[in-house]
Peer 1: 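Below you will find the structure I want to go over with you.
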Number of protein chains: 2
Amino acid sequence: MAIKERKEREKQDMRNLIIDSATQLFLKQGYDKTSIRNIAEDIEYSPATIYLYFKDKDEIFYIIHENAFEILDKLLRQHNSISDPYERLHELGKTYVNFALENPDYYDLMFVMRAPLAEIKHKEKWSAGECAFGYLLETMAACIDQGLIKPADKFVAAMTVWSFVHGLVTLYIRERTCILEMPDEDVRQMMNASLSHFLTQMKT
Amino acid sequence: MAIKERKEREKQDMRNLIIDSATQLFLKQGYDKTSIRNIAEDIEYSPATIYLYFKDKDEIFYIIHENAFEILDKLLRQHNSISDPYERLHELGKTYVNFALENPDYYDLMFVMRAPLAEIKHKEKWSAGECAFGYLLETMAACIDQGLIKPADKFVAAMTVWSFVHGLVTLYIRERTCILEMPDEDVRQMMNASLSHFLTQMKT
DNA sequence: TGAATATAATAAACAGTGTTTAGTAAATCT
DNA sequence: AGATTTACTAAACACTGTTTATTATATTCA
């Protein structure tokens, strides 16, 4: 009975087709303008078909959110070879901010939007986020152990760093940096200056 | 011809009626569930009537967003009497975070949601935000002048502080602090610890 | 192979959204 | 009192996410 396996494969193919189309539309037009009907039209199926493969729109965007985390995780762990944890922290910060600025829609979905939340809660564990946060936690612990930054609980220190970079990029992505009344280029330069300033402050 | 003035008054009354109803519904049920039809039913008018007083839903939420800024501004400027600028900064931080945690929907509308953005851009100036940010800027300048915090450009310093507190509260409001797998009370305590840690790091 | 069954896909509908248009009733002006 | 402006609304438009009943196809079993 290889038919069952083929069917399973076909089901997965269809899921991938939907996710790929949704991702493409999402990155091109944003969340709101990526409707089930849009996706359906794009893959040349009826809207109702999508509900045979995903229970709702949010589940689709939960998968996209997971894929985005995989990308970010890979980028962050590229700096694993840097032995000095403070230096690694610096690179992690730069990479995080860069990722957010270059993939604002992904970042929004990962850390701002409520769309994937239902699924996260449903799963009782935000594993995608845990992976990235865990890596930050490790780095902070190493920094503290080696006395490279001002002493603090590693959770508190990690939350402080994450909060700062998250705040920095979300103020930009959600267009609140308009308050600076600067050209976009200057704003980005100021963000870099702010990141450096923050990390210098941390140092012992 | 006092009729014209009475009409003008009545127009303003109607605008207030709509805003009051919208605000009430918004704080009770959130943005998405506050529909034009809901507001219309609440004030016992037809949905179309609302469009005689506001050009679209976003304009209504722009007004609510402005009102929220008035509340935050008053809270922040309560600390004007504190002469030591670093101490004042500390109180500003605590007040800001408290405001966000106690009024998450207001905070969301002010600093995260895209709803009021069209109007902000249309007006070419985000005066509501400028007022609060200006106050932070003053305080930072005073801190730097008196050598209370590590030297930096006042804009960079202000952006750093704002980014941190904004990140801290938005990770909480948009439910990303679930990663800590802590009871809500502990998360809030950690947020306080993080704020203190951040402000201590700034000190010379 | 042919009838019965299980699967896949869809058309159409439901209940909602923001917004616009055309038409009516009331208040104001001449 | 008649003409005109103002205030309001019913109904429609073009969407949205989602569900249900139906049909066509593929698979299984006798």
Side-chain angles (χ1 to χ4, degrees), chain A residues 1-19 21-22 25-26 28-65 109 113-119 122, chain B residues 1-19 21-22 25-26 28-65 109 113-119 122:
Chain A
M1 289 288 130
I3 289 176
K4 222 170 194 176
E5 280 144 45
R6 198 205 66 213
K7 288 259 161 122
E8 197 54 48
R9 226 169 34 237
E10 282 174 352
K11 190 146 200 158
Q12 201 37 251
D13 284 351
M14 188 60 160
R15 280 177 68 95
N16 289 339
L17 185 68
I18 293 166
I19 292 293
S21 165
L25 290 171
F26 168 64
K28 206 200 287 176
Q29 312 176 314
Y31 177 83
D32 283 334
K33 277 171 193 160
T34 305
S35 67
I36 298 292
R37 281 173 178 81
N38 281 174
I39 301 168
E41 195 181 3
D42 185 52
I43 62 173
E44 295 177 297
Y45 280 83
S46 92
T49 301
I50 292 176
Y51 288 89
L52 300 174
Y53 297 90
F54 296 96
K55 77 169 212 288
D56 58 20
K57 192 184 174 184
D58 284 354
E59 200 189 331
I60 296 172
F61 279 86
Y62 173 76
I63 307 288
I64 299 177
H65 141 280
L109 186 61
M113 292 183 65
R114 296 221 158 87
L117 278 183
E119 212 62 24
H122 182 267
Chain B
M1 292 287 128
I3 288 176
K4 220 170 193 174
E5 281 143 46
R6 195 206 69 214
K7 289 255 160 126
E8 196 53 48
R9 226 168 35 235
E10 281 173 354
K11 190 147 201 158
Q12 203 35 254
D13 285 350
M14 188 62 158
R15 280 177 67 96
N16 289 339
L17 184 69
I18 293 166
I19 292 293
S21 166
L25 290 171
F26 169 64
K28 203 200 289 175
Q29 312 177 313
Y31 177 83
D32 282 334
K33 279 173 192 158
T34 305
S35 68
I36 298 291
R37 281 173 178 84
N38 282 172
I39 301 168
E41 195 180 2
D42 186 53
I43 62 172
E44 297 177 295
Y45 279 83
S46 94
T49 302
I50 291 175
Y51 288 88
L52 300 174
Y53 297 89
F54 294 96
K55 79 169 210 290
D56 57 22
K57 191 184 174 184
D58 284 354
E59 199 190 330
I60 296 173
F61 280 85
Y62 173 77
I63 307 286
I64 298 177
H65 140 282
L109 186 61
M113 293 184 63
R114 295 219 158 88
L117 278 183
E119 211 63 25
H122 183 266

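By convention in this document, chain letters (A, B, ...) are assigned in the order of the sequence lines, proteins followed by strands, and residues within each chain are numbered from 1.
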Peer 1: Give the rounded distance in Å between these two atoms: NZ of A:Lys11 and P of C:dA6.
Peer 2: 16 Å
Peer 1: Apply ring-ring contact (aromatic ring centres under 6.0 Å, His included) to A:Phe26 and list each qualifying residue two or more places apart in sequence or on a separate chain.
Peer 2: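 ring-ring contact (aromatic ring centres under 6.0 Å, His included) check on A:Phe26 returns A:Phe61.
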Peer 1: Report the distance from atom CD1 of B:Ile36 to atom C1' of D:dT16, rounded to the nearest whole Å.
Peer 2: 16 Å
Peer 1: Once side chain to side chain donor-acceptor pair (under 3.5 Å) is applied, do any residues pair with A:Tyr31, and if so which ones, sequence neighbours excluded?
Peer 2: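 Scan of A:Tyr31 (side chain to side chain donor-acceptor pair (under 3.5 Å), adjacent residues dropped) gives A:Asp58.
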Peer 1: Just jot down the side chain to side chain contact (heavy atoms under 4.5 Å, CB included) partners of B:Asn16, sequence neighbours excluded, or say none.
Peer 2: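 With sequence neighbours excluded, B:Asn16 shows a side chain to side chain contact (heavy atoms under 4.5 Å, CB included) to B:Gln12, given in chain and number order.
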Peer 1: Using atom NZ of B:Lys7 as one end and atom P of C:dA26 as the other, report the distance to the nearest whole Å.
Peer 2: 14 Å
Peer 1: Could you state the CZ-C1' distance from B:Arg6 to C:dC29, rounded to the nearest angstrom?
Peer 2: 13 Å
Peer 1: Does any part of the side chain of A:Tyr62, heavy atoms only, come nearer than 4.5 Å to the side chain of A:His122, both counted from C-beta?
Peer 2: no
Peer 1: Indicate yes or no for a side-chain donor-acceptor contact from B:Lys33 to the backbone of B:Asn38 under 3.5 Å, with no hydrogens or angles considered.
Peer 2: no
Peer 1: When the distance from CD1 of B:Ile43 to C1' of D:dA7 is rounded to whole Å, what number comes out?
Peer 2: 13 Å
Peer 1: Does any residue of residues 52-65 of chain B have a heavy atom under 4.0 Å from DNA chain C, and if so, which ones, in number order?
Peer 2: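 Within this stretch, B:Asp56, B:Lys57 sit under 4.0 Å of the strand.
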Peer 1: Take atom OH of A:Tyr51 and atom C1' of D:dG17, then tell me their distance rounded to the nearest Å.
Peer 2: 4 Å
Peer 1: What integer distance in Å separates B:Glu10:CD from D:dT6:C1'?
Peer 2: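 Going from CD in B:Glu10 over to C1' in D:dT6 covers 11 Å.
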Peer 1: Atom pairs, N/O to N/O, protein against nucleotides 10-13 of chain D, distance under 3.5 Å?
Peer 2:
none

Peer 1: How is A:Thr49 classified with respect to the nucleic acid when contacts are heavy atoms under 4.0 Å: base, sugar-phosphate, or nothing?
Peer 2: base
Peer 1: I want to check something: taking the side chain as every heavy atom from C-beta on, are B:Ile50 and B:Ile60 in contact at a cut-off of under 4.5 Å?
Peer 2: yes
Peer 1: Write down the atom of A:Ala22, the atom of A:Thr34, and the distance for their closest heavy-atom approach.
Peer 2: O-CG2, 4.0 Å
Peer 1: By side chain to side chain donor-acceptor pair (under 3.5 Å), which residues pair with B:Glu44, not counting sequence neighbours?
Peer 2: none
Peer 1: Could you state the atom-to-atom distance from CD1 of A:Ile50 to P of D:dG17 in whole Å?
Peer 2: 9 Å
Peer 1: Has A:Arg37 got a side-chain atom pairing as donor or acceptor with A:Pro47's backbone, closer than 3.5 angstrom?
Peer 2: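 No, A:Arg37 side chain to A:Pro47 backbone: no donor-acceptor pair under 3.5 Å.
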